Amino acid sequence: MAGLTESLLERGAIPEVRLLYFTDPERNPGGRGKSRQQVFENNGTSGTEIYAHGNFLKFLEYFIYGPALPPSIVAKFRETMSFSGYLTAGDINDLAPAARAAVRSARLIPHEAAEEFHKLALECGAMPSSAESIRKSILTVR
């Protein structure tokens, strides 16, 4: 796991938006001002040791595969984004109910899907606060 991560980083094979999800505190809404990387460091794991930690696997999977959502949902979300090029507050108001409906229709687990939609929104150019709005909206699905 560590070797693969280091190789991907050396080759620049991980999209910047996915790296920022791990390193930017603004993209970690539950992190109390800390990035996901800083959480590892605060728990005594730093540098390349992070890449060998068992809890890092989910980040490596995201780096490689992107958001863990059905391809049809990802395509529809990206298609919506292609019209404006960026997410506005109005787009968020339209996307949130559609995302909740997609979670229900695909029978996704809401707390898992919320994080994946958060990642997808960031990848589509949403500001961290907008992505967080979509995440919070999906967390309301029962």
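Numbers here are sequence positions counted from 1. None of the values given here were measured: they were computed from a predicted structure.
Aromatic ring orientation, Phe56 versus Phe40: perpendicular (interplanar angle above 60°, classes split at 30° and 60°).
In plain terms, the two heavy atoms of Tyr51 and Glu6 that are nearest each other are CD1-CG, 3.9 Å. Taking all atoms of both residues into account, the shortest heavy-atom contact from Pro25 to Gln38 is CG-OE1, 3.7 Å. Closest approach of Arg135 and Pro29 over heavy atoms only: NE-CG, 3.5 Å.
Atom CG in Leu60 sits 14.5 Å away from atom NE2 in His53 (nearest 0.5 Å). Summarising the geometry, atom CG belonging to Asn42 is positioned 10.5 Å from atom CD belonging to Gln37; distances are rounded to the nearest 0.5 Å. Here Ser35 contributes atom OG and Glu41 contributes atom CD; the two are 6.5 Å apart, rounded to the nearest 0.5 Å. The distance from the OG atom of Ser133 to the NZ atom of Lys136 is 7.0 Å, given to the nearest 0.5 Å. Rounding to the nearest 0.5 angstrom, the gap separating the CD1 atom in Ile14 from the CG atom in Leu20 is 11.5 Å.
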Give the table of side-chain donor-acceptor pairs shorter than 3.5 Å for residues 99-125, with sequence neighbours excluded, one pair per line with atom names and distance.
residue, atom, partner, partner atom, Å
Arg100, NH1, Ser137, OG, 2.2
Ser105, OG, Ala101, O, 3.3
Ser105, OG, Ala102, O, 3.3
Glu115, OE2, Tyr21, OH, 2.3
Glu115, OE2, Arg36, NH2, 3.1
Glu116, OE1, Ala68, N, 2.6
Glu116, OE1, Lys119, NZ, 3.4
Glu116, OE2, Lys119, NZ, 3.0
Glu123, OE1, Arg18, NH2, 3.4
Glu123, OE1, Arg78, NH2, 3.0
Glu123, OE2, Arg18, NE, 2.7
Glu123, OE2, Tyr62, OH, 2.7

| Does the pair Val17 and Arg27 meet the rule for a side chain to side chain contact (heavy atoms under 4.5 Å, CB included), with working shown? | CA-CA 10 Å; Val17 68; Arg27 294 166 190 254; 3.8 Å; yes

| task | Might you work through the side chain to side chain contact (heavy atoms under 4.5 Å, CB included) test for Ile134 and Phe77, ending with a clear yes or no? | result | CA-CA 12 Å; Ile134 290 174; Phe77 195 93; 3.9 Å; yes

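Linking ILVMFWY residues whenever their side-chain heavy atoms come closer than 4.5 Å, directly or via other members, places Met1 and Tyr65 in the same cluster. Using a 4.5 Å cut-off between side-chain heavy atoms of Ile, Leu, Val, Met, Phe, Trp and Tyr, with links allowed through other members, Leu57 and Leu9 fall into the same hydrophobic cluster.
Between Ile64 and Leu8, the closest side-chain pair of non-hydrogen atoms falls below 4.5 Å. Counting heavy atoms from C-beta on, the side chains of Asp24 and Asn28 never come closer than 4.5 Å. Between Ser7 and Arg11, the closest side-chain pair of non-hydrogen atoms falls below 4.5 Å.
Grouped with Leu139 in a hydrophobic cluster is no other residue, since no side-chain heavy-atom contact under 4.5 Å to another Ile, Leu, Val, Met, Phe, Trp or Tyr is found.
Contact check on Glu61 versus Lys58 returns no salt bridge, with no Lys/Arg side-chain nitrogen under 4.0 Å from an Asp/Glu carboxylate oxygen.
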